[in-house]
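The structure presented is a predicted model; accordingly, all values stated were derived computationally and were not measured. Just so we're on the same page: letters track the sequence lines, and every chain starts at 1.
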Amino acid sequence: MAMLPVFPAPYPEECFYSILSRAFIRNGYLSDAEFIITLFGKHMNMRHMILTPYGVHHCSHWVPPGSGITAGKLLLDHTCAQYGVLPSHPSVISKIRNETVNGISNPFHAVSRMIRFRTQSFADHLRFCPLCILKDAEKYGEPYWHRIHQIRETVYCPTHSVPILNSSVPLLSYLLTGNHFFPASYVMDDLVKGGLEMAGALIDSARPKMPACRELHLILDKDIQFLLSNGFSLSETRSLFERFKSRLDQEGTGGDAEANRLVMEQKLHEHFNPEFQKLILGFSHYAQNFYKFIDRKKEYTNTPYLPTVMCVLGMECLSGSAEAFYHETEKR
Amino acid sequence: MDRFTDISIPADYRDKQLPEFSGNPLAEALPDLLTDEDLAVMLAREPYYKSSDRLLSAEMRVDMTQRLYDFHQPMPQDIDIARRIFRCIRWGYVNRNPLASAQVSDLNARYAALRDGAKTLPVIHRPNVSGFTIIGISGIGKTCTLEGILSLYPQVISHTCYKDSPFVMKQIVWLKLDCTFDGSIKGLCAGFFSSLDRLLGTEYYRMYTSRHNTVDTMMNMMTQLASIYGIGLLVIDEIQHLSTAKSGGQEKMLNFFVTLVNTIGLPVVLVGTPKALPILQSEFRQARRGSGQGDLLWDSMQNGIMWKMFVRSMWKYQYTRETVPFSDEMADALYNESGGIPFLAVTIYKLVQEDAILMKKETFTPKDIRRVTSEKMRLTEPMRKALLSGKDVDIYRYADIRPFTGRDHLEAAAVTGDTVSRDPVQNTAKEDPVGRAVKTLLGMDVSYQDAFRCVMAASSCLGQTADAKKLAKEAYRIYLEPEKQNKETDAGDLRNMQDYESLKKGGVVGGEL
């Protein structure tokens, strides 16, 4: 590991992987493997850097002190850690928050041990909002990968309310993307050159495949955006759950837990795929089991991960609020 | 990596007071412009010397004559080159702001071309400054002068934060490379990567000089890295080695330098001996059109006032027991033996002192200068004779030291668009008001050092367009200033009899003043 002669200033909401991809270009490398070794001292799977804070603690080796780029800042602003830890027990979240935000030598160990990031949270491809790409290319001279677009459960871009699309870079094939850098400027070059016309065509072609419940998804996507930036602080104040509750209130369904549960079940029926419905409804009135499920207890290790936002919704659904959910599970 | 020592200095951003530089951290981090007077002082190199050294043992004194190689007396030529170089560096950054979206976009476009295996990189930059060429005879002090000038600017600047935003970048302000002995591009690229590794602690040499990298890839990578690190000026020394390049090699390398200018706006300064002239004139002419800085043909010194000033400045570094006074005869002898080449003059002066000390004579005469030169500098004798004889047949055998002909000056002018006199000597005299002003002051019994210092100061006050007479007048006023302050209660009038006579003698004032 060595101090990098050039390290790009992170753009707003840019994911860690994207920053490293730009650093790859800025430092004049052509070999991905060489740059990964320079960064981490060993081969690493770069796919982890798309959502998780995997490797951010090496930041102190790459940039000189005084630049304002710190591991803590990368963790909070450029990874999905705040979103990823949400289904964790509040005490765990509080611990992570204290250890990372308030500065510990190695946030990676604390977070990576406890973070509940699921492989399921990875989308199939690196994803993008065509309008964000064009806006960034115009503003900064290059597009970049946004962290929220990479979260699988985000369906629409919270900024432009247009569908988030798959790029040509698949993520599921380890061999293809495991140790490669795909800078957005390289992958999205055609779109940048094609401009609004091409972006419009891409959006139009995606519309028929989008879920019917656009409004709900837009709300959820804005929530995800909110959680990405405020997860740690919300976990302490519990206002996250209040926010969810007020969201339900606005829809005229706030109030007691039972009513919430019914509304949530109804919404689940309406808007989510049968697999998810089956999963959540299978836990009906058994918060303890759901807790075990999201905590990956051994009887659930072979079951699929549940996206973070769904976990939060599930808690609301089962116990009325996440606070109540944890209170209930702890009591048992 | 173990050999890496960080020589970078932290960026100190200063308002350059020109809108072109505003908001560009690379330009704002450069040192402020120096006045001609400051430049003259900073470029001078005076070896450590104290007169009591003359009392040391013969062995010690012979050893200490080596210090003479540290001596450097700045000439008006040095100031001219310094100005051009600093101008290239500063204005070269105008269209190269790493924070500008266009610059970021260009960088990514070049990366895409590299990744896709393109043979050439897209030309998307509008060059602001193209650099210039310095051709001077071997030993005239080109390299020494250049290194002295370049050392006035930090080589690597470390940026961490600009206007409260992260900006992590190592900026290489200048890079000097030597053209390889065989004029190969691969060797030049390897030297470039190696220099970057030394300055930045990177491993580009290992990464890009492996067997599977073609010359084209290496050249493209060099272009990309030069852009990434914001290299302000690339100096290629010993360009005459191109004459030994394989067929087509000369053209390819010169085209590569043009590409650096066109693709990333990097100013390139080529430095070489007259041996390089035919190559540059045949291959580079078209490309050099539009050069903003002009080219510089640096001939051997004339046996005039500047030569005497040079010898006089060097003269004080004497290690013989007896003091040998400076005289015009000594200066003439040194000129005749060195052919007006400063490096050879220093060597001769060193050798003649060594001889005097070892022979226990502890003094020397012009005759000794001639004798020692013929005894100890036999290898260079034919070249020196050729230089002094001025005969083409001899001179062209030693292309590195052949003086410039009027044709050379015209050729250079044709490239740069300058107008020159057909007679290079006349041309030099006509275009060198500084030298003439110094000469005027010397005629007024002002010391060589003071004359040069004051003329440089006057030049910075009046600008470079001032003629010799005005320069001399202003320089003399500057020279008298401290004296005037000391004699505040005295007559206080410059026109006291002695000074007025001096001015009159020097032709600065006449009856009409």
Side-chain angles (χ1 to χ4, degrees), chain A residues 1-12 14 19 21-35 37-38 41 59 61-70 73-74 77-78 135-144 180-190 192-193, chain B residues 1 4 6 8 10-11 97-117 156 158-172 193 196-197 199-204 206-208 210 212-213 217 220-230:
Chain A
M1 281 173 287
M3 192 70 78
L4 297 177
V6 183
F7 195 84
Y11 293 129
E14 183 178 19
I19 298 170
S21 297
R22 289 194 299 121
F24 171 65
I25 298 179
R26 298 289 202 283
N27 283 276
Y29 279 74
L30 283 181
S31 158
D32 308 62
E34 286 270 13
F35 191 56
I37 297 282
T38 304
C59 167
H61 296 288
W62 306 331
V63 292
S67 66
I69 302 172
T70 60
K73 208 162 163 51
L74 286 176
D77 297 341
H78 302 284
K135 187 193 77 181
D136 298 337
E138 190 186 345
K139 189 172 179 184
Y140 303 109
E142 62 183 340
Y144 57 91
H180 287 286
F181 292 101
F182 289 95
S185 60
Y186 181 73
V187 179
M188 293 286 112
D189 191 37
D190 287 344
V192 172
K193 283 175 184 161
Chain B
M1 294 293 283
F4 171 61
D6 192 356
S8 65
N97 183 349
L99 301 179
S101 59
Q103 185 73 16
V104 174
S105 176
D106 289 357
L107 182 75
N108 286 317
R110 282 193 298 274
Y111 165 76
L114 280 166
R115 185 159 171 164
D116 294 341
V156 186
S158 185
H159 300 263
T160 47
C161 194
Y162 177 70
K163 290 184 177 170
D164 298 328
S165 294
F167 177 60
V168 179
M169 177 180 170
K170 289 268 174 73
Q171 171 190 5
I172 298 179
F193 297 135
L196 252 53
D197 291 350
L199 295 172
L200 305 169
T202 49
E203 295 193 30
Y204 296 125
R206 180 182 59 75
M207 288 196 290
Y208 297 123
S210 61
H212 61 263
N213 279 318
T217 309
N220 287 341
M221 275 319 299
M222 185 170 156
T223 309
Q224 179 75 332
L225 291 173
S227 167
I228 284 171
Y229 295 113

Seminar exercise, completed: Answer key: most heavy-atom pairs under 4.5 Å with chain A among B:His159, B:Met221, B:Gln224, B:Gln171 is B:Met221
Exercise. Side chain, backbone, both or neither: which part of B:Tyr229 has an atom under 4.5 Å from a heavy atom of chain A?
Worked result: side chain
For this session: Would you check if B:Asn108 and A:Pro183 make a side-chain contact, meaning some heavy-atom pair closer than 4.5 Å?
Result: no
Problem set entry | Part of B:Ala112 within contact of chain A (heavy atom distance under 4.5 Å) | both
Exercise. Side chains of A:Tyr186 and B:Asp116: donor-acceptor distance under 3.5 Å anywhere?
Worked result: yes
Seminar exercise, completed: Turns out that what part of A:Asp189 lies under 4.5 Å from chain B's heavy atoms comes down to neither
Problem set entry | Nearest-0.5 Å distance, CD of residue A:Glu142 to OG of residue B:Ser105 | 8.5 Å
Seminar exercise, completed: In terms of heavy-atom contacts, B:Pro166 and A:Ala9 come closest through O-CB, 3.3 Å
Problem set entry | Closest contact, heavy atoms only, B:Leu200 versus A:Pro5 | CB-CG, 4.2 Å
Problem set entry | Pairwise side-chain contact, B:Val168 with A:Met3, heavy-atom cut-off 4.5 Å (strictly under) | no
For this session: Test the B:Arg115-A:Tyr29 pair against the cation-pi criterion, namely NZ or CZ under 6.0 angstrom from the six-membered ring centroid and within 45° of the ring axis.
Result: no
Problem set entry | Reported CG-to-OH distance for the pair A:Leu30 and B:Tyr111, which is rounded to 0.5 angstrom | 7.0 Å
Exercise. Do you know which two heavy atoms are closest between A:Ser67 and B:Cys161, and how far apart they sit?
Worked result: O-SG, 4.4 Å
Exercise. What distance separates A:Thr38 OG1 from B:Glu203 CD, expressed to the nearest 0.5 Å?
Worked result: 7.0 Å
Problem set entry | A:Lys135, NZ atom: more than 12 neighbouring heavy atoms under 6.0 Å | yes
Exercise. Between B:Leu225 and A:Gly28, which heavy-atom pair has the shortest distance, and what is it?
Worked result: CD2-CA, 3.8 Å
